[in-house]
Amino acid sequence: MATLLTKETFDKEVFESDIPVLVDFFANWCGPCKMMSPLIDELSEELKGKAKVFKVDVDKEDSLASKFGIMSIPTFMIVKHGKVVMQESGGRSKNELIEMLGV
């Protein structure tokens with residue numbers, strides 16, 4: 001299951017990671033987010049050791065959503081070597097997310 005991040009844990013977990021990171025910005029009321037949730041949790045398990053997968057609840061962590069300009073959800077952010085390399089909104093297939101991560 002993907003770990004929920006807060007503003008207190010975000011930078012350490014995401015920007016200090018030595019492997020690629022996928023962050024799913026979501027909300028509990030969002031239909032497409034609910035559809036993506038099981039897939040995100042699967043990826044979290046399948047990619048252990050190759051990539052990290054996290055979730056950010058935009059309703060609880062609105063400052064993070066603002067910081068990264070999240071205007072629609074779900075939005076997926078890819079971070080490699082401490083830098084945001086991609087940010088895409090909307091549902092994605094498992095293969096698309098793996099390709100985005102490059103693992």
Side-chain angles (χ1 to χ4, degrees):
M1 190 164 181
T3 303
L4 276 172
L5 293 177
T6 64
K7 64 182 179 230
E8 290 80 20
T9 59
F10 191 92
D11 286 351
K12 179 168 181 33
E13 292 289 352
V14 175
F15 290 118
E16 295 179 21
S17 175
D18 54 353
I19 57 177
V21 178
L22 167 66
V23 182
D24 171 19
F25 288 88
F26 78 101
N28 289 319
W29 49 264
C30 164
C33 299
K34 287 180 185 179
M35 290 185 348
M36 291 300 301
S37 187
L39 183 68
I40 297 303
D41 290 337
E42 271 180 45
L43 283 174
S44 177
E45 294 301 316
E46 288 178 22
L47 297 177
K48 270 193 169 67
K50 295 180 189 172
K52 293 181 181 180
V53 179
F54 297 108
K55 294 181 179 183
V56 173
D57 183 334
V58 298
D59 288 332
K60 292 181 180 170
E61 299 297 334
D62 59 335
S63 63
L64 283 174
S66 294
K67 178 178 179 178
F68 296 107
I70 306 301
M71 301 302 280
S72 62
I73 49 174
T75 291
F76 302 100
M77 175 189 289
I78 306 295
V79 177
K80 295 181 181 178
H81 309 293
K83 292 187 177 20
V84 177
V85 296
M86 187 180 297
Q87 194 167 301
E88 298 281 334
S89 297
R92 296 286 185 269
S93 72
K94 187 177 193 176
N95 286 339
E96 286 175 306
L97 292 171
I98 291 171
E99 281 180 32
M100 288 167 64
L101 276 164
V103 295

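Computed from a predicted model, the values in this text were never measured in an experiment. Position 1 is the first residue of the sequence; numbering continues from there.
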In this structure, CE of M77 is separated from CG of D24 (nearest 0.5 Å) by 11.0 Å

Inset, instruction - Would you kindly say whether K55 and S37 are connected by a side-chain donor-acceptor distance under 3.5 Å? - result: yes

Next on the checklist: Is the shortest side-chain heavy-atom distance between L97 and E42 below 4.5 Å?
Outcome noted: no

Worksheet item: Is the backbone N or O of A27 less than 3.5 Å from a side-chain atom of K60, with the two atoms forming a donor-acceptor pair by type?
Response: no

Check your understanding: In terms of hydrophobic clustering (I, L, V, M, F, W, Y; side-chain heavy atoms under 4.5 Å; direct or indirect links), are F76 and V23 co-clustered?
Key -> no

Linked, directly or transitively: V85 and M100 (ILVMFWY side chains, under 4.5 Å):
yes

Does atom CE (M1) have a neighbourhood of more than 12 heavy atoms from anything else shown, all under 6.0 Å?
no

From the list I73, V58, D59, side chain to side chain contact (heavy atoms under 4.5 Å, CB included) partner of C30 resolves to I73

Scanning both residues in full, the closest heavy-atom pair of M36 with P74 reads CG-CG, 4.2 Å

Rounded to the nearest 0.5 Å, the CZ atom of F26 sits from the NZ atom of K34 at a distance of 11.0 Å

- prompt: Linking I/L/V/M/F/W/Y whenever any side-chain heavy atoms sit under 4.5 Å apart, do I70 and F15 land together?
  reply: yes

Taken to the nearest 0.5 Å, the spacing of E96 CD from L39 CG works out to 10.0 Å

Review point. Same hydrophobic cluster for L22 and L5, using side-chain heavy-atom links shorter than 4.5 Å among ILVMFWY?
Key: no

Value for CD (E61) from CZ (F10), rounded to nearest 0.5 Å, stands at 10.0 Å

dist I78:CD1 -> E99:CD (nearest 0.5 Å) comes out at 11.5 Å

Notebook entry, point to check: Would you say S17's side chain and V14's backbone share a donor-acceptor pair under 3.5 angstrom?
Noted result: no

Heavy-atom closest pair (E13 atom, V21 atom, distance to 0.1 Å) is O-CG2, 4.2 Å

Worksheet item: Any side-chain heavy atom of N28 within less than 4.5 Å of one from D57?
Response: yes

Report task. Look at the side-chain heavy atoms of Ile, Leu, Val, Met, Phe, Trp and Tyr, link any pair under 4.5 Å apart, and say whether L43 and F54 land in one connected group. Result -> no

If we ignore hydrogens and angles and just use 3.5 Å, is the side chain of S66 paired with the main-chain N or O of D62 as donor and acceptor? yes

Notebook entry, point to check: Within the side chain of Q87, is there an N or O that forms a donor-acceptor pair under 3.5 Å with the backbone of F68?
Noted result: yes

- Query: Hey, does the side chain of D41 reach the backbone of A2 with a donor-acceptor pair shorter than 3.5 angstrom?
  - Reply: yes

Min side-chain heavy-atom separation E46-K94 under 4.5 Å: yes

